[in-house]
Novice: 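Here it is: the structure, laid out below.
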Amino acid sequence: MADAPVPRPSTAPDGDPAGSGRGPEPDPVAIDQARRLVAAATRIVVLTGAGISTDSGIPDFRGPNGVWTKNPKAERMAHIDVYVGDREVRERAWRNRLESEVWQARPNPGHRAVVELERDGRLLALLTQNIDGLHLAAGSDPDLVVQVHGTAHEVVCLTCDERAPMQRALDRVAAGEADPACRMCGGILKAAVISFGQNLVVDDLERAFAAAASCDLLVAVGTSLGVYPIADVVPTALRAGAALVIVNAEPTPFDAHADVVLAGSISDVLPAIVG
Ligand code: NAD
């Protein structure tokens, strides 16, 4: 895991037949099955992706209205070599960050439903691919949250590893610095998120896979399950004998292995299965 922990592009099917991004109405029988699985579980792991935050106004990448679905060139900017090697790309990235919907976004019923799962101590871990901080804003216990792809709320220097709040860097951009440099060493600053070509944090991966290997229920929410290595928590949990519930508007490569697949709106479905 630690050797090549590089997210790789999805091979998941794309295109939502409804074109809505929210999927069809969920089957009430399937909702009931999922609710029973949640009620019976004693060691739950939740894995979330960009889809849990679309109802908070943050587009996903690969859904019908995804950033990369609509503009495939945007994916190129997510590569570390391109960011480091091209000042224009960095300046555009800073402009995008300044205008990002992430800063105004608020948690939605999906994020709040995950907090509910913590109440009786059965949640082992909340593994999120999201960088928007909305699980923490919703009140999820920081000790249980593993932000495997980092956070947009901090910046990191690519030379000296100094970290600082994103807001401070954004203030400098707003004041006219197109590509603010590290105040400690002059190095290139970047949001503290894992870009393609960057290594994931080994400790985060170890926590994520240890939790998956010891859970009795994995709930995968709003993720195309096409970004690795984190998608491998699914087969890890299955090998450990865990049940699998998938809540996602579009099909995922693991649907055939799931006990229940719920293809409805996360904001509707998740509160219904945890209650
Ligand atoms: P993805 O874009 O590959 O897949 C998101 C899935 O969510 C899609 O299959 C889509 O159909 C589904 N979906 C979207 N809205 C939904 C809704 N309201 N109800 C039900 N389903 C819905 O996302 P991913 O698997 O997380 O992988 C993308 C990568 O992009 C991750 O590494 C993540 O770090 C990053 N990302 C994060 C954010 C964020 O922090 N909010 C936003 C965009 C991308």
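If you're wondering where the values come from, they're calculated on a predicted model, not measured in any experiment. One-based numbering, in listed order, for ligands and for the atoms of each. Numbers for residues simply follow the sequence, beginning at 1.
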Novice: Would you tell me which option among Thr223, Asp55, Val148 has the nearest heavy-atom contact to atom 25 (O) of ligand 1?
Specialist: Thr223
Novice: Heavy-atom distance to atom 38 (C) of ligand 1: which of Ala50, Ser53, Gly49 wins?
Specialist: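 Ranked by closest heavy atom to atom 38 (C) of ligand 1, first place is Ala50.
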Novice: Quick one: do Glu99 and Arg95 make a salt bridge, cutoff under 4.0 Å?
Specialist: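 Between Arg95 and Glu99 there is no salt bridge, as every charged N stays at least 4.0 Å from the carboxylate O atoms.
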Novice: Looking only at side chains, do Asp60 and Thr54 share a donor and an acceptor under 3.5 Å apart?
Specialist: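 No pair is found: no donor N or O on one side chain lies under 3.5 Å from an acceptor on the other.
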Novice: In this structure, would Leu98 and Ile58 fall into the same cluster of hydrophobic residues linked by side-chain contacts under 4.5 Å?
Specialist: yes
Novice: Going by the closest heavy atom to atom 12 (C) of ligand 1, which one wins out of Val227, Asn248, Thr54?
Specialist: Asn248
Novice: Should one rank Asp132, Asp268, Val247, Val221 by closest heavy-atom distance to atom 39 (C) of ligand 1, which comes out on top?
Specialist: Asp132
Novice: Using a strict 4.0 Å threshold on nitrogen-to-oxygen distance, state whether Arg207 and Asp203 make a salt bridge.
Specialist: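 Salt bridge: no.
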Novice: Between Ser214 (side chain only) and Ala210 (backbone N and O only), is there a donor and an acceptor less than 3.5 Å apart?
Specialist: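 Indeed, once roles are kept as given, a pair shorter than 3.5 Å links the two residues.
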Novice: Could you check whether any heavy atom of Ala263 sits closer than 4.0 Å to an atom of ligand 1, since that is the contact criterion I want to use?
Specialist: no
Novice: Could you check whether any heavy atom of Gly222 sits closer than 4.0 Å to an atom of ligand 1, since that is the contact criterion I want to use?
Specialist: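 Heavy atoms of Gly222 do come under 4.0 Å of ligand 1.
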Novice: Would a single hydrophobic cluster contain both Leu117 and Val247, if residues Ile, Leu, Val, Met, Phe, Trp and Tyr are joined by side-chain heavy-atom contacts under 4.5 Å?
Specialist: yes
Novice: Show which atoms of ligand 1 fall inside a sub-4.0 Å distance from at least one heavy-atom site of Gly264.
Specialist: 19 (N), 20 (C)
Novice: Hey, is ligand 1 close enough to Ser265 that some N/O pair sits below 3.5 Å?
Specialist: no
Novice: For ligand 1, is any non-hydrogen atom under 4.0 Å from Glu250's backbone (N, CA, C, O), its side chain (CB onward), both, or neither?
Specialist: both
Novice: State plainly whether the residues Asp171 and Arg168 are in salt-bridge range, i.e. N to O under 4.0 Å.
Specialist: no
Novice: With the threshold set at under 4.0 angstrom, would you say Pro59 reaches ligand 1 through any of its heavy atoms?
Specialist: yes
Novice: Within a strict 4.5 Å, meaning less than it, do heavy atoms of the Gln147 and Asn130 side chains meet?
Specialist: no
Novice: Going by the atom numbers of ligand 1, which of them fall below 4.0 Å from some non-hydrogen atom of Ile58?
Specialist: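 Counting atoms of ligand 1 from 1, those under 4.0 Å from Ile58 are 41 (N).
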